[in-house]
Amino acid sequence: MLRIDQILSDAVLSGCTELFGASPDPSQVSIQLTRPEFEGERTVIVFPFTRLSKKNPEDTGKTIGEYLVANLEEITSFQIVKGFLNLSISDSYWISELNEAVSAGGLFGLQPAKSKPQVMVEYSSPNTNKPLHLGHLRNNFLGYSVSEILKAAGHDVVKVQIINDRGIHICKSMVAWLKFGKGETPESSGLKGDKLVGKYYVAFDKAYKAEVVEHGEDDAPILLEAREILHKWESGDEEVRALWDQMNGWVYAGFESTYKEMGVDFDKLYYESDTYLIGKSQVEKGLASGVFSQREDGSIWVDLTDKGLDEKLLLRKDGTAVYITQDIGTAILRFEDYPSLDRQVYTVGNEQEYHFKVLFEILGKLGFEQGERCHHLSYGMVELPDGKMKSREGTVVDADDILAEMRETAEAVAIEAGKLDSIPEEDRPELFKQVGYGALKYFLLRVDPKKSMMFDPKGSIDFIGNTGPYIQFNYVRSRSVLRNAGIERARYLIVESSVELDQTEKRLLMTALSLPDIIEESARLYDPSILANLCYEITKSYSSWYQDHPILKEENEDLRMARLAICSLCSSSVKTGMSLLGVNMPERM
RNA sequence: GGCUCUGUAGCUCAACUGGAUAGAGCAUCGCACUACGGAUGCGAAGGUUAGGGGUUCGAAUCCCUUCAGAGUCACCA
């Protein structure tokens, strides 16, 4: 919380006690930004206090306002509009905050590392039979960004994914490759490994559909072959395992290059093939301790009807695992791997909300009280203008294709704007990535995660308006001003407290100073969009202010310093905020 | 059918979690400016917050209800 808000909140509480003889509930004290059309910077809502004062809102506000002006040096005057007490805060207060923030340099907004509990964030977690697509982009950017935001808020963060490397889906690709592949490899075909394996998954599906006509869905020969391979895999057949290793290896190499391109990474990888058996023993333990129950046919269930959920199968009658069984195993393995882990955050689409409710309840029943702090970072589907985004229906937008398209568009736009002349040839590829991927990440992250969103391939690469490149562009301009000022280390700027700021720059300053609060809020809500919006707010205010507030040309030296400091604070705040979204900021563009 | 989520300007999204006249961007129209980086800034127009009811000083936000969309309720993953 900004220092002034704490001061105000305390003063309002003690003021009420002193003036009205009764103190309100602290939650009743609401302090907010004064709307721009009114004078002042902070507004206290007085309605809640009218019952204590036994006066009308205006008189109540006047009484409190007079008290605040008399008791707080930071408050210079107040105005009352209806039930709203608008407070003007002294310039010297803002300047001291400005000096403090500027002296923190790039650390402004960040909490000390590992000063808060350890959190694990899972994201990406693809199947290994298909390449990554548009939906994975939202998932990866979200998971990575939430991880970085939690770190910035002081948490110790472990980034992980669970790789679904086992199961019938992989076996389908394997069968098709054996039948039709003729030994094709990524090297021989020139295809990325994940694309190659995906190609055979599609080939399987095609052959399967052709066979269904004659043999029916359950008895198509190629499906029987895939099941046969699955059985061999489970019994450890060496040939099958070798092929499985080889094909998964191709996929991992393909994924790795896409992750690198996206700018995301992981601290530890979990593989389903390592964890899927662990769940079984946990379920049996739960059965022994009485939290689960067994039916006559031998299947094991958990009863969650008292939590408003249903009964859920945990182990089939033949003793084999279902989906949630392995998730129980994986979760518990992670708690064992990281004994001080406070909670896990799962970045998974909202179609699995029910699944995670059940999982967290089960973890609690098994004695892992962290279960109640675990969080499903649920996000909505990414839709396309001409219909739904569904990998099964063939309207997939391939992740690598999108990334390439963003790079190319960034280049085309830069050329058209005539911006390339001053950029050295060798720096250009990196610049196109920064701008193109910045546009994409910002586009996907500025929307509230839980809402489904529209991905407009054309609109996303607009470089004007509320976009990543707009923010980058203004950052670049502010950096240029600082370079021209010869300020290498802006953190040593000191602004005289006697400088007078106008309303516009005070507003801009306040916006930039809210970075720590917004990081904190984003972390608390697992929501990068709040931070994305702040970056845009700062940028828009900065750009507007910049238009008619000379910085280097300002003749009053104290004021020039103040404006340089504001410029520096805005650029560093935006850079920090954007970096937490995974967006790199260029120095020139 | 039960449960969950969503519905805000023509379009894409906000709204500090119950606060003032619901704000931005795109698109449309107009204005400024040869610039400390114009990939600019300013303005106009655009709204019964899906409809109806309720709670209170005050509702896009909370409750009820109707409508529309999505998801889920698998011995699939």
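Chain A is the first sequence line, chain B the second, and so forth, proteins listed ahead of strands; every chain is numbered from 1.
Of the nucleotides present, none pairs with B:G47 by Watson-Crick or G-U wobble criteria with both distances under 3.5 Å. Base-pair partner of B:U21: not found among the strands shown (Watson-Crick or G-U wobble, both distances under 3.5 Å). Of the nucleotides present, B:U40 is the one that pairs with B:A32 by Watson-Crick or G-U wobble criteria, both distances under 3.5 Å. Across all strands shown, the partner of B:A68 is B:U6, judged by Watson-Crick or G-U wobble contacts whose two distances both fall under 3.5 Å.
Among residue pairs with one or both ends in residues 513-538 of chain A, those qualifying as salt bridge (charged side-chain N to carboxylate O under 4.0 Å, His left out) are A:Lys116-A:Glu520; sequence neighbours excluded.
For the ring-ring contact (aromatic ring centres under 6.0 Å, His included) test, residues two or more places apart in sequence or in another chain that qualify with A:His355 are A:Tyr323. Remark: A:Ala523 pairs with A:Ile149, A:Leu150, A:Ala153 by the side-chain contact (heavy atoms from CB on, under 4.5 Å) rule, at least two apart or across chains. Taking A:Phe473 as the reference, nothing meets the ring-ring contact (aromatic ring centres under 6.0 Å, His included) condition, with sequence neighbours excluded. With sequence neighbours excluded, the residues forming a ring-ring contact (aromatic ring centres under 6.0 Å, His included) with A:Tyr271 are A:Tyr252, listed by chain and number.
Residue A:Arg35 places none of its side-chain N or O atoms closer than 4.0 Å to OP1 or OP2 of B:A22.
You'll find that the side chain of A:Glu272 is closest to B:A77, out of B:A35, B:A77, B:A20. Of the candidates B:G37, B:G19, B:C75, the closest approach to any side-chain atom of A:Phe473 belongs to B:G37. In this structure, the nucleotide among B:C73, B:G37, B:A24 sitting nearest to the side chain of A:Tyr354 is B:C73. Of the candidate nucleotides B:U40, B:A77, B:C16, B:U40 has the atom nearest to the side chain of A:Arg477. The listed nucleotides are B:C75, B:C42, B:G37; the one nearest the side chain of A:Ser544 is B:C42.
Atom NE2 in A:His355 sits roughly 12 Å away from atom C1' in B:C76 (whole-Å rounding).
The separation of B:U8 from B:G69, taken at their C1' atoms, amounts to 16 Å, rounded to a whole angstrom. Rounded to whole Å, the C1' atom of B:U21 lies 14 Å from the corresponding atom of B:G58.
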Between the protein and nucleotides 12-15 of chain B, which nitrogen or oxygen pairs come in under 3.5 angstrom?
{"from": "B:C13", "atom 1": "OP1", "to": "A:Met454", "atom 2": "N", "distance (Å)": "2.8"}
{"from": "B:A14", "atom 1": "OP1", "to": "A:Asp448", "atom 2": "N", "distance (Å)": "2.6"}
{"from": "B:A14", "atom 1": "OP2", "to": "A:Lys451", "atom 2": "NZ", "distance (Å)": "3.1"}

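Residues A:Lys357 and A:Gln547 each lie close to RNA chain B; by heavy-atom proximity, the contact nearer the 5' end of the strand is made by A:Lys357.
In this structure, A:Tyr346 has its ring center no closer than 6.0 Å to that of A:His375.
Residue A:Asp548 places no side-chain atom within donor-acceptor reach of the base of B:A32, judged by atom type and a 3.5 Å distance cut-off alone.
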